[in-house]
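Counting starts at 1 for both ligands and their atoms, following the listed order.
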Amino acid sequence: GAPVEVDISKLEVGQMVRVEWRGKPVWVVRRSDAILKELGGHDGQLRDPSSEEPQQPMYAQNEYRSVKPEIFIAVGICTHLGCSPTYLPDSFSEQVSGVSAGFFCPCHGSKFDMAGRVFAGVPAPLNLVVPPHTFLDDNTILVG
Ligand code: FES
C-alpha cells in the first residue's frame, strides 16, 4: 500500500483524525499537556509501560510513544483479536479510575492509555502498534 499523507493543521487538542493505511485504521490524536503529564502516573498498572515488546518501532520506545510528544499516532486495531477500540476523551475514568482519557475495546474489554499502552488484566497482549511515519513538516505526516 502507498503511504498516506495526513494534514493535522486543523486538529484541535483532544481531537482524533482517522485515516486508512493498508486497509487499516490509523489514528492521529493531538494530546493536551494535561494528558501528557498524566501518562507518567500509571506505569504500575500497565503491562509493558516502556514498550519493550518487539514489533514496536524505535520512536515508540519513549515516554510518549511518539516522535512529537503532543501528536500520538497508532494503528487503531486492538492487539487482542482485531476490533477497533473506542476513543474515550472524557469518560475513560469509568474504565480505569484516575485516568481521564484512553481507548476502550468493546469486544472483550481491553483498555489502553493515551499512549496506546495496554493496561494489565485485560485480554490484549501488546500495546497498540505505532505505524511507521515521518513528519514532512509541522502539519503534515506521512504514514507508511
Ligand atoms: Fe479487543 Fe478482544 S478484540 S479486547
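Side-chain contact between Tyr64 and Pro69 is present, with heavy atoms from C-beta onward closer than 4.5 Å. Put simply, the side chain of Val122 does not reach to within 4.5 Å of the side chain of Phe112, judged on heavy atoms.
For atom 1 (Fe) of ligand 1, the neighbouring protein N/O/S atoms at less than 2.8 Å, given as residue and atom, are Cys78 SG, Cys105 SG.
Here Leu142 is tied into one hydrophobic group with Leu136, each link being a pair of ILVMFWY side chains closer than 4.5 Å.
Side-chain contact of Asn127 with Ser51: a donor-acceptor pair under 3.5 Å is present, judged by distance alone. For the residue pair Glu38/Ser100, the side-chain donor-acceptor check at 3.5 Å is satisfied.
For an aromatic pair to be called close, the ring centres must be under 6.0 Å apart, and Phe103 with Trp27 satisfies this.
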